[in-house]
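When reading the values below, keep in mind they use all heavy atoms of this one structure, side chains included, and skip hydrogens, waters and symmetry mates. One-based numbering along the sequence shown. Quick caveat, the model's predicted, so the values are computed rather than measured.
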Amino acid sequence: MTFAGWTSVPGHLRERVWTRVVWAPHFKRFLDVVVIERLDRRGHVLAHVVLCSTDTAMPAEQLRSSRALENHWSAAFFALSLGRGGSAIVFSSGHLKRRAFNQFLVWRILGDLGLQQRFAILRQNPTGTLDLGVD
């Protein structure tokens, strides 16, 4: 990969750090992208990591700081631990939000139809089977 148009950021002896603000169509916003390349003794790239931040004013040094990385890992593990509450393991916070909204929507519809009492067993055991009393 060539880094034409990227800004070089001072790093450690055995790494190169590049940064650039780019437009992310999926998120419909600008992202600050930082690429850190780990180098061997000859200057060849051994590995790399790509970090992103929605805070485009944050310096790259702060984005790759140990505190920022610890916050990122804490958020990732928090999302994983929330997902383990159900029967399936959830790997994204977007999926968690969708599940929570869908559950809210189901109970809203059941409430509007006056059927909340009939399906109250689902609230106590959301992963259990539902007996509708129909053979």
#### Entry: Contacts of type side-chain contact (heavy atoms from CB on, under 4.5 Å), residue A24, not counting sequence neighbours
F27, L31
### Task
Assign the ring pair F101 / F104 to parallel, tilted or perpendicular, where the plane angle (0 to 90°) is split at 30° and 60°.
tilted
### Query
Is V45 reachable from W18 through a run of I, L, V, M, F, W or Y residues, each pair having side-chain heavy atoms under 4.5 Å apart?
no
### Summary
Sequence neighbours excluded, the answer for salt bridge (charged side-chain N to carboxylate O under 4.0 Å, His left out) partners of R38 is E15
### Task
With sequence neighbours excluded, tell me which residues meet side-chain contact (heavy atoms from CB on, under 4.5 Å) with H44.
D40, R42
### Summary
Tracing side-chain contacts under 4.5 Å among Ile, Leu, Val, Met, Phe, Trp and Tyr outward from W23 reaches V21, F30
### Query
Could you go step by step and tell me if D32 and T19 meet the side-chain contact (heavy atoms from CB on, under 4.5 Å) rule?
CA-CA 7 Å; D32 187 9; T19 184; 2.9 Å; yes
### Task
Count the heavy atoms of every other residue, nucleotide or ligand shown that sit under 6.0 Å from CZ of R20, and state whether that count exceeds 12.
yes
### Message
Is there a path of hydrophobic side-chain contacts, each under 4.5 Å between heavy atoms, that joins V17 and L39?
### Response
no
### Summary
Exactly one candidate in V9, V50, L51 meets side chain to side chain contact (heavy atoms under 4.5 Å, CB included) with V35; the answer is V50
### Query
Residues in side-chain contact (heavy atoms from CB on, under 4.5 Å) with R41, at least two apart?
R14
### Query
If you link I, L, V, M, F, W and Y whenever their side-chain heavy atoms are under 4.5 Å apart, who else ends up in the same group as L46?
none
